[in-house]
Amino acid sequence: MIIHIQGKSKKRGHHLMANNITISQAAQYLGQEVTISGWVYNKTGKGKLHFIMVRDGTGVIQVVIFKGNVTEEAFEKCAALTQESSIRITGVISEDLRAKGGHELQAKEVEVLNIAPEYPISPKEHGIEFLMDNRHLWLRSSKQHAILKIRHEIIKASRDYFDNLGFTLVDAPIFTPSACEGTSNLFETDYFDTKAYLTQSGQLYMEAAAMAFGKVYCFGPTFRAEKSKTRRHLTEFWMIEPEVAFFDLQQDMDLAEGMIIYIVDRVLEKRRQELEILERDVSKLEAVKTPFPRIHYDEAVKLIKAENPEFIDGDDLGGTDETIVSSHFDRPVMITHYPAAVKAFYMKRSAQQPDRALCVDVLAPEGYGEIIGGGQREDDLEILLSRIREHNLPQEAFNWYLDLRKYGTVPHAGFGMGIERTVAWICGRPHIRETIPFPRTMYRLTP
RNA sequence: UCCGGUGUAGCUCAAUGGCAGAGCGGGUGGCUGUUAACCACUAGGCUGUAGGUUCGAGUCCUACCACCGGAGCCA
């Protein structure tokens, strides 16, 4: 057999007719001749022998090239390969316990697509600013790769969860004429001869959709122009927001709990390998089982005051307060009945405690904080009107929303789950900026 | 916006107010089983910017810029 290494597309069409496979499939092709396309992840050698770690997005495999087996020219070409050079290799998959993963590719033919110049991200440590400046390249690193694979699994699992329950996906607009909740700062854009704002929530639109379809959800980006500088904040982040007609707070909480269980189970089932790469303590995730503790705001305050005496009853929970509460439980905890004063205008009030909202926040374990906020919506037209006035919101902007209470109003509830915070928790990452492909923060708009 | 911190080689970091340094990465050479290989040699600098103190400033002072961590706000 003629063994040679092919140069830059010199003999296209004369390749050995081998199967094109992904590295993840390599184990199924032991002893067979295959072609793999990918990038040089790392290279080492021993004089007349090259070891090239090649990754293709599905895995990493060691490619072995012996000088005695190939031409001088071919060997030189492989010697010139640099980190992140792109190549296509044909060879035989063989078993070898010295290789990571237990098998390797004995190269017969290598096509060099591109020799990369000095790659900025070396296998050693780097600072966060440098890595974020190189985010477009950092995505190739194993941990970042694993995080985004898990992010995909979480998104897919949430959508499957709702789809399986008969929900309809109804996407909300990104451009909105006004604030949804009237609280946080919005990004303003020129919209022809008027102003438009980037959405901070699809919820109001989901309420309209729920009255048309019964069970709906939306999934999309949301924007907050807050000058927040913490590990929990981005200016652009993704939310999944279900809304269900005829649901009350209890049913809403059941829905949220079921979703979290479903997501965690799915990630444990399908993304073990990625959790391992991230060195995630999976026992923490395996502990996430039904039922989740459901505690009243007043109970939460007791827990908080025991450790933070300065907390003022009636205030919203701060980051450290959330950590105090969640540290008492090994699974997500649901806090209900916050003071209505700290919540949005559309929250329905409790009949037993008129100063409390029929709302729920879900705090992730291990100090990851709020991942879900939701509750039952005010369904009475007159009460909603007075709330809009109390909050000094422009009634005109909410006329369409008020129509939902005019024409066949029903009890309904829903929630929003922040994808990045959920990914951060499940992946055990300290900072949410690693959980989105290209993060946007107060100080970062590139790449 | 407030509080604290850091800016030195491509990267990660050293350097009592007294010659600008190491490891990694890059380059050259060596090695037939490497796993972040190893060995030898080598190139690489307006010490964030602008002022100031000093015989002398990477080091001390002032302002600014950039980023990091935290707070507030929130998902």
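Between the side chain of Arg421(A) and the base of rC74(B), at least one donor-acceptor pair of N or O atoms lies under 3.5 Å. With hydrogens and angles ignored, no donor-acceptor pair under 3.5 angstrom links the side chain of Gln83(A) to the base of rG26(B).
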For Watson-Crick and G-U wobble pairs within 3.5 Å on both distances, what is RNA chain B written in dot-bracket notation, | included for inter-strand pairing?
(((((((..((((....[..)))).(((((.......))))).....(((((..]....))))))))))))....

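For RNA chain B, no neighbouring residue in residues 330-338 of chain A is found when judged by any heavy atom under 4.0 Å. Within residues 227-235 of chain A, the residues that have a heavy atom under 4.0 Å from RNA chain B are, in order of number, Lys227(A), Ser228(A), Lys229(A), Thr230(A), Arg231(A), Arg232(A), His233(A), Leu234(A). Taking a 4.0 Å limit (strictly below) on heavy-atom distances, residues 423-435 of chain A reaches RNA chain B at His431(A), Ile432(A), Arg433(A).
Under a 4.0 Å N-O distance rule, the pair Glu434(A)/Arg429(A) qualifies as a salt bridge. Checked for salt-bridge contact, Lys143(A) and Glu279(A) meet the test: a charged N lies under 4.0 Å from a carboxylate O.
Counting non-hydrogen atoms under 4.0 angstrom, Gly369(A) reaches nothing in the nucleic acid.
Partners of Asp281(A) under the salt bridge (Lys or Arg N to Asp or Glu O under 4.0 Å) rule, at least two apart in sequence or in another chain, are Lys284(A).
The minimum heavy-atom distance between Arg135(A) and Pro439(A), with the atom names listed, is NE-CD, 4.0 Å.
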All N/O pairs under 3.5 Å across the protein-nucleotides 4-9 of chain B interface:
none

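Between Lys343(A) and rA75(B) there is no side-chain N or O to OP1 or OP2 distance below 4.0 Å.
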